[in-house]
Amino acid sequence: MSQDRQPHGVVPYLTVDDAEAALDFYARAFGATETLRLKMGDKVGHAEIEIAGSRLMLSGEWPPMDILGPKARGGATAAFSIMVPDADAAYARAIAAGAIADRPPEDEFYGDRVGKVIDPFGHRWSLHTHKQHYSAEELQKRMDAAMAGWSEAQAG
């Protein structure tokens with residue numbers, strides 16, 4: 001376990017319906033390293049992991065305190081992006097570990113190759129490989145072109 005327990009910056013805190021299974025899944029799917037696990041009875045009361053150099057905290061659900069995961073809330077309320085050397089390989093690894101395919105990797109207008117998955121606990125993950133850098137002005141032009149003719153109905 002990491003001796004550096006002082007978090008830096010913003011640290012997301014995930015709530016999942018099965019913290020034990022989530023810790024196993026994140027290790028298999030995203031190469032997470034567990035740095036802390038605290039039990040509260042037979043449940044994980046608090047855990048910390050690192051994925052690609054970033055810290056995440058998580059716990060199981062605690063309904064009496066209105067601490068619920070995406071499944072209980074009817075869907076994800078946030079999304080996570082991981083910068084990886086190979087989005088295709090990372091996507092395949094996540095799927096093999098049990099993630100649900102949301103969108104296979106493809107090159108995006110903003111210069112990244114991105115694949116999207118939903119973990120077994122309802123959280124959305126984007127796996128990015130940065131391929132091309134654009135200025136803010138060029139990104140706006142590319143977004144305008146990509147969104148031409150797009151409607152909210154297409155988002156499903």
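Just so it is clear, the values below take in all heavy atoms, side chains as well, and ignore hydrogens, waters and symmetry mates.
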On a heavy-atom basis, which atom in [X] and which in [Y] lie closest, and how many Å separate them?
X	Y	answer
Phe80	Pro12	CE2-CB, 3.6 Å
Ala52	Ile82	CB-CG2, 3.9 Å
Thr129	Ala87	OG1-N, 2.7 Å
Ala32	Ile49	CB-CD1, 4.1 Å

Q. Remaining members of Ile118's ILVMFWY cluster at a side-chain heavy-atom cut-off under 4.5 Å?
A.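 So far as hydrophobic clustering goes, Ile118 is joined with Ile100.
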
Out of curiosity, [X] [atom1] to [Y] [atom2], how far, rounded to the nearest 0.5 Å?
X	Y	atom1	atom2	result
Leu23	Thr33	CG	OG1	11.5 Å
Trp125	Lys116	CH2	NZ	14.0 Å
His130	Gln132	NE2	CD	7.0 Å
Arg37	Leu58	CZ	CG	9.0 Å

Q.
Ring of Tyr134, cation from Arg142 - is the NZ or CZ under 6.0 Å from the centre and inside 45° of the axis?
A.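 Yes.
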
Q. Which pairs, with at least one residue in residues 89-118 and sequence neighbours excluded, count as a ring-ring contact (aromatic ring centres under 6.0 Å, His included)?
A.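 Qualifying pairs: none.
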
Between [X] and [Y], is any pair of side-chain heavy atoms under 4.5 Å apart?
X	Y	result
Phe30	Val84	no
Arg124	Asp102	yes
Asp18	Val16	no
Met57	His46	yes

Q: With sequence neighbours excluded, tell me which residues meet salt bridge (charged side-chain N to carboxylate O under 4.0 Å, His left out) with Lys141.
A: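 Testing Lys141 for salt bridge (charged side-chain N to carboxylate O under 4.0 Å, His left out), a comparison that skips the adjacent residues, returns none.
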
Q: Name all residues meeting the side chain to side chain contact (heavy atoms under 4.5 Å, CB included) criterion together with Asp88; count only those two or more places apart in sequence or in a different chain, and write none if there are none.
A: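 Here the qualifying residues are Asp86, Pro105, Arg113.
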
Q: Go through the structure and list residues passing side chain to side chain contact (heavy atoms under 4.5 Å, CB included) with Ala97, not counting sequence neighbours.
A: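 Residues passing side chain to side chain contact (heavy atoms under 4.5 Å, CB included) with Ala97: Phe25, Arg28, Ala29.
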
Residues 59-66, side-chain donor-acceptor partners within the protein, below 3.5 Å, at least two apart:
residue, atom, partner, partner atom, Å
Glu61, OE2, Gly69, N, 2.8
Trp62, NE1, Gly60, O, 3.1
Asp66, OD1, Arg73, NH2, 3.4

Q: May I ask you to decide if Ile67's main-chain N or O and Thr15's side chain share a donor-acceptor pair within less than 3.5 Å?
A: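 Checked: no pair found.
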
Q.
Side-chain heavy atoms nearer than 4.5 Å, only ILVMFWY residues, links allowed to pass through others: does that put Phe121 and Leu14 together?
A.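 In one cluster: yes.
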
Q | Passing option when Asp112 is tested against Glu106, Lys131, Met83 for side chain to side chain contact (heavy atoms under 4.5 Å, CB included) | A |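 For Asp112, the side chain to side chain contact (heavy atoms under 4.5 Å, CB included) check succeeds only for Met83.
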
Q.
Evaluate His133 against Glu138 for side chain to side chain contact (heavy atoms under 4.5 Å, CB included), listing each step before the verdict.
A. CA-CA 10 Å; His133 181 76; Glu138 180 62 22; over 6 Å; no

**Q.** Side-chain ion pair, Arg103 and Glu108, N-O less than 4.0 Å
**A.**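 Salt bridge between Arg103 and Glu108, a charged N being under 4.0 Å from a carboxylate O: yes.
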
